[in-house]
Amino acid sequence: MSVSDIDLMKAWKQVLTLSKLQAGQTVTVLTSADTHPQTLRCAIAAASDMGALVNRLDLPPVNAEKALSRDSLAYLGTTPLTGNHAAIAALKASDLVLDLMTLLFSPEQHEILSAGTKILLAVEPPEVLCRLVPTEGDRVRVSAASQRIEAAREMHVTSAAGTDLRCALGEFPAIREYGYVDEPGRWDHWPSGFVLTWPNEGQSNGVVVLDRGDILLPMKDYVTEPIRLDIREGYVRAIEGGLQADLLKEYMATFEDPEAYAVSHIGWGLQPRAQWSMLGHYNKETHIGMDARAFEGNFLWSMGPNNEAGGSRTTACHIDIPMRRCSVALDGTPTVIDGVVQDDIGLAYAAARKGLL
Ligand SMILES: [Fe+2]
């Protein structure tokens, strides 16, 4: 069932309070044709009620000519803000941008953040936002995981299905996604709850075997038969399997870009309120799959750009792949074992589900 405006306003106020919104600050809500009307009106109402000066900037939609879907993360780099200097100026002059459109992976987003403006992306359906409204605890947990990544020089990922991947670390920072923006120039995404980094350029090697139930995004499909991806010197060199492997290969080939096959961000999910089974309930076009990216203990890796972390690779193609039941070790120390995060919350979560069908 839908959620009420009151519930969504409460959620917005929690996010805006955690984001340290002050009375008198300027909030610009960035919208386009796909913006959810309830999310928009509740965002404006909540920010206004907290004393902010609230603008709405509505831009005409753009779907890149090669995009095969309307998923806003299916084709990166081109947004309704591209080349729009007046709109960029308005956003840079704001204290906080509520991105109800999707600027992620665009150069314009970097320019706006460099002005000190905070950007919070929020495009999932209202009931998903309410279920996954962030907490201070989310920030603490994700931050602790990011410190472990920052201190490590290698991530080693294994699974019973046959995954054995080693990624050298150290060239790129760890990124914390905990769902709110409490520092100037910070970007985040509500909902989220995961940690990630990028492997050193050209230093990922091994094999990833996607097992039944792993997820392909932006397709929003559960894998039904194994897909094997061979990785050498930072790039996926072979993709083998059945129909889903063929579909993945063919989709990626439409971008005609060798950089699409580079290993992109790597990390793991830390959000017990995000659910692996969520994709089975929603029409693909109503969401972008944040439950899939954030669910507790998933190993989330991807192919595509590294410019979000300060790297030089840009490519329009981006494939996110959340995997279940993987083990992740940093310099030999396990942080996730068979999909169970090795901290108090992760162990309690696994214990609560133990013995269930
Ligand atoms: Fe991604």
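Counting starts at 1 for both ligands and their atoms, in listed order.
Using modelled atom types and a 3.5 Å distance limit, the side chains of Arg176 and Ser143 yield a donor-acceptor pair. Checked by atom type, the side-chain pair Tyr235/Glu259 shows a donor-acceptor distance below 3.5 Å.
Look at Asp230 and Arg232 and you find no salt bridge, because none of the NZ, NE, NH1 or NH2 atoms lies under 4.0 Å from a carboxylate O.
For an aromatic pair to be called close, the ring centres must be under 6.0 Å apart, and His318 with His265 satisfies this.
Partners of Thr28 under the side chain to side chain donor-acceptor pair (under 3.5 Å) rule, at least two apart in sequence or in another chain, are Asn55, Ser94.
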Practice task
Mind running side-chain contact (heavy atoms from CB on, under 4.5 Å) on Val195 and Arg148 for me, showing each step along the way?
Solution key: CA-CA 10 Å; Val195 67; Arg148 298 180 73 170; over 6 Å; no
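Any protein N/O/S atom under 2.8 Å from the Fe ion (ligand 1) was counted, giving 4 altogether.
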